[in-house]
Amino acid sequence: MNSEPELGNPHDDSRRTFLKQSSLLTAMALVPSPVVSAAAAELDEKVAAAFEKVPLSLKVNGTKHKLQVEPRTTLLDLLREQLHLTGTKKGCDYGQCGACTVHVDGQRVNSCLSFAVMHDGQEITTIEGLAKGDELHPMQEAFVKHDGFQCGYCTPGQIMSAVACVREGHAGSEGEIREYMSGNICRCGAYSNIVAAIQDVKQGGQKV
């Protein structure tokens, strides 16, 4: 009996290679064209993003930042993803709930509807910028005092809008407060407590 190992047949190796290549080509042919297009688009977007970034200078909560951002980046995503200021919440992402409210040069803005590049050279204040170290802002203290939050998800946006409401001179009555806070939704329904917190700050004459 011949104990030497049998040598592989070159013809069999070629046949296996042919079958593998044929199977791969068949699989690619069966992939729906939208899937192929989506994959190509995703690659195109990654390449485009690398070349399309533009310089941006912002002052956020008193700190200057020089950044490179893709023009389609919203102010909300910039704050959360690049500056890691996650106090500003992403709620509806359509400007309807107010959870993303921040101040831009002192004016309240829905950051989900605003491109970051629109604010070059401006000053941004987020919920993280209201307190002075361990000393809470008067509006934050009032929200705690009057239990102006339940789940807390909408609270940062509510507080930022509440501060602006007082600064803008729209906290003269309960009805006026409700009207000018109407862009901020509380799914827990703590509206009466929120109004009470704003009235407390307004009536106390505290600087906001």
Side-chain angles (χ1 to χ4, degrees), residues 31-133 136-137 139-140 143 148-149 151-168 170 180-188 194 208:
V31 173
S33 58
V35 174
V36 176
S37 299
E42 183 178 354
L43 179 61
D44 288 344
E45 285 192 7
K46 288 180 179 178
V47 173
F51 288 98
E52 290 178 359
K53 289 186 176 180
V54 296
L56 176 65
S57 178
L58 292 175
K59 188 175 183 181
V60 183
N61 298 333
T63 302
K64 293 182 179 179
H65 296 273
K66 291 189 178 297
L67 307 160
Q68 293 288 326
V69 299
E70 200 272 328
R72 292 169 292 182
T73 301
T74 64
L75 180 58
L76 173 61
D77 286 338
L78 174 71
L79 293 170
R80 290 181 58 83
E81 297 175 13
Q82 288 189 240
L83 299 182
H84 309 295
L85 295 170
T86 54
T88 304
K89 303 303 182 185
K90 180 176 284 193
C92 65
D93 217 20
Y94 289 97
Q96 297 176 349
C97 73
C100 67
T101 304
V102 299
H103 296 170
V104 177
D105 286 345
Q107 302 297 314
R108 51 179 155 174
V109 168
N110 286 331
S111 58
C112 74
L113 294 182
S114 184
F115 291 121
V117 293
M118 297 167 57
H119 303 293
D120 188 38
Q122 294 184 317
E123 184 168 354
I124 314 297
T125 304
T126 70
I127 189 68
E128 292 91 343
L130 284 187
K132 296 179 180 179
L136 293 179
H137 183 279
M139 191 64 73
Q140 291 174 311
F143 265 66
F149 52 89
C151 79
Y153 194 84
C154 74
T155 305
Q158 296 278 3
I159 290 175
M160 298 305 289
S161 279
V163 170
C165 185
V166 174
R167 286 179 180 173
E168 294 164 4
H170 298 309
Y180 282 91
M181 289 291 293
S182 61
N184 289 78
I185 295 173
C186 173
R187 290 174 174 84
C188 299
I194 291 170
V208 294

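Side chains are part of it too, since the values below use all heavy atoms of this structure and drop only hydrogens, waters and symmetry mates.
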So, do [X] and [Y] sit near enough that their side-chain heavy atoms are less than 4.5 Å apart?
| X | Y | answer |
| --- | --- | --- |
| Leu83 | Thr126 | no |
| Pro71 | Glu52 | yes |
| Val109 | Thr101 | no |
| Asn61 | Leu85 | yes |
| Asp93 | Cys112 | yes |
| Lys89 | Cys100 | no |

Does the Asp105 side chain pair with the main chain of Glu123, one donor and one acceptor, at a distance under 3.5 Å?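 Flag set: sc Asp105 to bb Glu123 pair under 3.5 Å.
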Backbone of Ser57 reached by a side-chain donor or acceptor of Asp120 within 3.5 Å: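 Flag set: sc Asp120 to bb Ser57 pair under 3.5 Å.
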Nearest heavy-atom neighbours spanning [X] and [Y]:
| X | Y | answer |
| --- | --- | --- |
| Gly87 | Glu128 | N-OE2, 2.7 Å |
| Thr74 | Ser111 | CB-O, 3.9 Å |
| Cys92 | Gln96 | SG-N, 3.2 Å |
| Gln122 | Met118 | OE1-O, 3.9 Å |
| Asn184 | Ser161 | OD1-OG, 2.7 Å |

Of the options Leu78, Val60, Thr73, which is the one that meets Leu67 in a side-chain contact (heavy atoms from CB on, under 4.5 Å)?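 The single option meeting the side-chain contact (heavy atoms from CB on, under 4.5 Å) with Leu67 is Leu78.
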Atom [atom1] of [X] and atom [atom2] of [Y]: how far apart are they, to the nearest 0.5 Å?
| X | Y | atom1 | atom2 | result |
| --- | --- | --- | --- | --- |
| Arg108 | Thr125 | CZ | OG1 | 14.5 Å |
| Cys188 | Ile194 | SG | CD1 | 9.0 Å |
| His103 | Ile127 | NE2 | CD1 | 8.5 Å |
| Phe143 | His137 | CZ | NE2 | 11.0 Å |
| Leu58 | Lys64 | CG | NZ | 12.0 Å |

Going by atom type alone, with no hydrogens or angles, which donor-acceptor pairs under 3.5 Å involve a side-chain atom of residues 152-160 and a protein atom two or more places apart or on another chain?
unit_1, atom_1, unit_2, atom_2, d
Tyr153, OH, Lys90, O, 2.6
Thr155, OG1, Gly152, O, 3.3

What pairs with Ser114 under side-chain hydrogen bond (donor to acceptor under 3.5 Å, both in side chains), at least two apart in sequence or on another chain?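 Expected list: His119.
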Start with the C-alpha distance between Thr88 and Leu75, add both sets of side-chain angles, then the distance that settles side-chain contact (heavy atoms from CB on, under 4.5 Å), and finish with yes or no. CA-CA 10 Å; Thr88 304; Leu75 180 58; over 6 Å; no
Considering residues at least two apart in sequence or located in another chain, which fulfil the ring-ring contact (aromatic ring centres under 6.0 Å, His included) criterion with His65?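 Applying ring-ring contact (aromatic ring centres under 6.0 Å, His included) to His65 gives none.
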